[in-house]
Amino acid sequence: MAQVKIKDLVKRYPGSDQLAVKEINLDIEDKEFLVLVGPSGCGKTTTLRMVAGLEEITSGEIWIGDRLVNEVEPKDRDIAMVFQNYALYPHMNVYENLAFGLRLRRFPRAEIDRRVKEAAEILSIGGLLKRPTKALSGGQKQRVALGRAIVRNPAVFLMDEPLSNLDAKLRVQMRTEISKLHQRVATTFIYVTHDQVEAMTMGHRIVVMNLGIIMQAASPQELYDHPKNKFVAGFIGSPPMNFMTGQLEDTGSGLYFVGAGFRFRMPEEYHNECRGAVGRELYLGVRPEDIHVGADYEQAHPELQYRTQVELVEPLGAEQHVLLSTDTDPIVARCEPDLRVRPGDNLTVTLAPHKLHIFDGETEEAYF
C-alpha cells in the first residue's frame, strides 16, 4: 500500500517545442481510486507511463511511498500496469499468463499456485485456467490482464484505458468489476481514460487534464456542480454543458445577462460574485437537465425564459434530448420522454435559477 506523490513533473519529447506534461503536482492517497481523464493528447497516458517508469522524466519527482523512484527500474517500483491491448502471451494458457511474472521473480511453485488461484477466484476465471488466451473473449482477456496484475500484490495499480477495446455493454460490466476489485484488494489505483462516464462512475477523485495541465482535481460531484473553468464544464457531463455568449448589465435594479436574442435577469445570489464582471464578454453555462419546458417553470421564473424552436429530437427511452435553436449556437435540453415535441415546434424554455454558471470570456475561469 502506498501514497504516490508527483512534484513539478515535466515531459518534453526530443525535437518538440511543446511540453507534453507541464509541471504537474499531485498527491494520491493510499488506497485512493484516482482517475486521469481528458481528450487525446492531453498528457494523461504520458503521466501514467512516467509513474510506471516506461517514459523518461524531463524534470520533477515521483515518489511511491517514501521512496523517490525517478531512477528506479519499472520492475522494482512495486507497481503493476494493465494496458489497453491486454498484452497477453498468445502461446500460453491463462494459468501460464498469470504465473509468468512470478516465475521470472523465482517465487516458490506453491506460492505461485496459491496466488494464481486466488486471483482467478476474485475475477471469476477459475474455469479458464487451462484455456489458450487466443480462445478468450475480450472481456475474459481483460480479466486475465487484471489477474496478472493482482498476483503481484503491488503497492499501486496503473491502468491505461483498459476498457476501450470492449463493446458498450461489456464496458459497463467491467467498470463494476474493477470498482469491486478495488474495494477487495484495497490498493491505490491510478486509472487513465478519455471516457468521462468511466471517470465519473469509478473515481474517488478525478483529475481533468488538457494540454499537459491539470485543469481541476476534485470529487466527481464537485467537478459536475462546481467546474473551475469552461473546459471542465464542457468536458464533464453528457450531453455537455450549454454555453451562451453575452455580457452582464447593471440596471441599478438588478443584473441582466444579455446576448443575441435573449435577456435574463440573474438571481440575486449571483450578484456579489458577478458584479465585477459587468461589461465583460462572458459565457453563461447551463446543463441540459437545467433547461425546463413546462408551465410550472414558466410561471415561477419568467425572468429566465427563452423563446426558441426545436431543431432535432433524440429519443433515448428514459429521456429525450431536444436540440433548440438560438441566434448563435444551438443548445440541448434533457427532457422527459413523454414530452411531445417535433422539429419546427416553437417552445418557451426556462433556465433553472440556481444552476447557472458564469465564465470569463477571456480566461474562461468560473466566477463562482
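Here, residue 1 is the first one in the sequence, and each next residue gets the next number.
Remark: Leu351 CG to Arg287 CZ distance equals 14.0 Å, nearest 0.5 Å. Taking OG1 of Thr58 as the reference point, atom CD of Glu23 lies at 11.5 Å (rounded to 0.5 Å). Distance check: Phe231 CZ to Asn210 CG gives 3.5 Å after rounding to the nearest 0.5 Å. Interatomic distance, NZ of Lys180 versus CZ of Arg175, reported as 14.0 Å (0.5 Å rounding). Taking CG of Leu146 as the reference point, atom CG of Leu98 lies at 10.5 Å (rounded to 0.5 Å). Summarising the geometry, atom CG belonging to Asp250 is positioned 12.5 Å from atom CE belonging to Met266; distances are rounded to the nearest 0.5 Å.
Summarising the geometry of Met50 relative to Val10, their closest heavy-atom pair is SD-O, 4.3 Å, with the distance given to 0.1 Å. Listed here is the closest heavy atom pair of Tyr95 and Asp113: OH-OD1, 2.7 Å. Shown here for Ala155 and Thr187, the closest heavy-atom pair between the two residues is O-CG2, 3.1 Å. Residues Gln142 and Val82 come closest through the heavy atom pair NE2-CG1, 3.4 Å. Residues Leu102 and Val151 approach most closely at CD2-O, 3.8 Å, considering heavy atoms. Taking every heavy atom of both residues into account, Phe157 and Val185 meet most closely at CE1-CG2, 4.2 Å.
Residues Phe359 and Tyr367 keep their aromatic ring centres 6.0 Å or farther apart.
A parallel orientation is assigned to the rings of Phe264 and Phe262, their planes being inclined by less than 30° (bins at 30° and 60°). Classified by interplanar angle (parallel below 30°, tilted 30° to 60°, perpendicular above 60°), the ring pair Phe33/Tyr191 is tilted.
For Asn272, the CG atom is loosely surrounded, since the number of other residues' heavy atoms within 6.0 Å does not exceed 12. Shown here is Asn346, whose CG atom has more than 12 heavy atoms of other residues, nucleotides or ligands within 6.0 Å. The number of heavy atoms from other shown groups lying within 6.0 Å of CD (Gln309) is above 12.
Not a single donor-acceptor pair under 3.5 Å links the side chain of Glu249 to the backbone N or O of Leu255. With Lys22 contributing its side chain and Ile213 its backbone, the two residues share no donor-acceptor pair below 3.5 Å. The closest donor-acceptor contact from the side chain of Lys228 to the backbone of Ala217 lies at 3.5 Å or more, if one exists at all. Proximity of a side-chain donor or acceptor of Asn25 to a complementary backbone N or O of Asp8 within less than 3.5 Å is detected. Under a 3.5 Å cut-off, the side chain of Thr245 and the backbone N or O of Tyr283 do not form any donor-acceptor pair. Looking at Thr201, its side chain does come within 3.5 Å of a backbone N or O of Glu198 through a donor-acceptor pair. Using modelled atom types, no side-chain atom of Glu161 and backbone atom of Thr193 make a donor-acceptor pair closer than 3.5 Å. No donor-acceptor distance shorter than 3.5 angstrom exists from the side chain of Arg148 to the backbone of Gly101, with no hydrogens or angles considered. Without hydrogens or angle criteria, Asp160 side chain to Val192 main chain gives no donor-acceptor distance under 3.5 Å. In terms of modelled atom types and a separation under 3.5 Å, the side chain of Arg334 and the main chain of Pro288 share no donor-acceptor contact.
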message = The test is side-chain contact (heavy atoms from CB on, under 4.5 Å); show your working for Ser238 and Gln196 and say whether it passes.
response = CA-CA 8 Å; Ser238 180; Gln196 52 102 7; 3.2 Å; yes
task = Report the C-alpha separation of Phe368 and Cys274 in whole Å, then their side-chain angles, then the decisive distance to 0.1 Å, and conclude whether the side-chain contact (heavy atoms from CB on, under 4.5 Å) test is met.
result = CA-CA 8 Å; Phe368 46 83; Cys274 295; 3.4 Å; yes
inquiry  = Set out, in order, the CA-CA distance, both residues' side-chain angles and the distance that settles side-chain contact (heavy atoms from CB on, under 4.5 Å) for Ile190 and Met159, then state yes or no.
reply    = CA-CA 6 Å; Ile190 307 176; Met159 298 190 179; over 6 Å; no
Trace of the salt bridge (Lys or Arg N to Asp or Glu O under 4.0 Å) decision for Glu121 with Lys117 = CA-CA 6 Å; Glu121 179 185 353; Lys117 290 180 178 177; over 6 Å; no
message = Determine whether Gln320 and Glu314 satisfy the following criterion, side-chain contact (heavy atoms from CB on, under 4.5 Å), listing intermediate values before the conclusion.
response = CA-CA 5 Å; Gln320 57 183 328; Glu314 295 181 331; over 6 Å; no
request  = Test Glu111 against Arg114 for salt bridge (Lys or Arg N to Asp or Glu O under 4.0 Å), laying out the working first.
outcome  = CA-CA 5 Å; Glu111 177 67 8; Arg114 184 188 69 79; 2.8 Å; yes
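Side-chain N/O atoms of Thr348 and Arg307 include a donor and acceptor closer than 3.5 Å. Side chains of Glu269 and His271: a donor-acceptor N/O pair is absent below 3.5 angstrom, by distance only. One side chain, Ser164 or Gln84, offers a donor N or O that lies under 3.5 Å from an acceptor on the other. One side chain, Tyr256 or Arg265, offers a donor N or O that lies under 3.5 Å from an acceptor on the other. Inspection of the Asn165 and Asn85 side chains reveals no N or O donor paired with an N or O acceptor under 3.5 Å.
A continuous path of hydrophobic side-chain contacts links Leu88 to Ile178 [ILVMFWY only; heavy atoms under 4.5 Å]. Connection of Leu54 to Leu9 is established within a shared hydrophobic cluster, with ILVMFWY side chains joined at heavy-atom distances below 4.5 Å, either directly or through further cluster members. Under the 4.5 Å side-chain heavy-atom criterion for ILVMFWY residues, a single connected hydrophobic cluster contains both Val341 and Leu324. No path of Ile, Leu, Val, Met, Phe, Trp and Tyr side chains, each step under 4.5 Å between heavy atoms, connects Val332 with Val286, placing them in separate hydrophobic clusters. Tracing side-chain contacts under 4.5 Å through hydrophobic residues (I, L, V, M, F, W, Y), one never reaches Trp63 starting from Val21; they form parts of separate clusters.
Using a 4.5 Å cut-off on side-chain heavy atoms (C-beta onward), Pro330 and Ser325 make no contact. With contacts defined as side-chain heavy-atom distances shorter than 4.5 Å, the pair Glu319/Glu336 does not qualify. Side-chain atoms of Tyr270 and Leu356, non-hydrogen and from C-beta on, do get closer than 4.5 Å to each other. Counting only heavy atoms from C-beta outward, the side chains of Pro239 and His321 approach each other to under 4.5 Å.
For residues 49-64, the salt bridge (Lys or Arg N to Asp or Glu O under 4.0 Å) pairs, not counting sequence neighbours, are Lys11-Glu55, Arg49-Glu55.
A cation-pi arrangement is present between Lys230 and Phe243 under the rule of less than 6.0 angstrom and at most 45 degrees off the ring axis.
The one candidate from Val4, Val156, Thr188 that meets the side chain to side chain contact (heavy atoms under 4.5 Å, CB included) condition with Asp30 is Thr188. Put simply, the residue from Val116, Asn93, Val144 that forms a side chain to side chain contact (heavy atoms under 4.5 Å, CB included) with Leu129 is Val116. Under the salt bridge (Lys or Arg N to Asp or Glu O under 4.0 Å) rule, Arg205 has a single partner from Glu222, Glu29, Glu32, which is Glu32.
Taking the charged nitrogens against the carboxylate oxygens, Glu73 and Arg77 have no contact shorter than 4.0 Å, which rules out a salt bridge.
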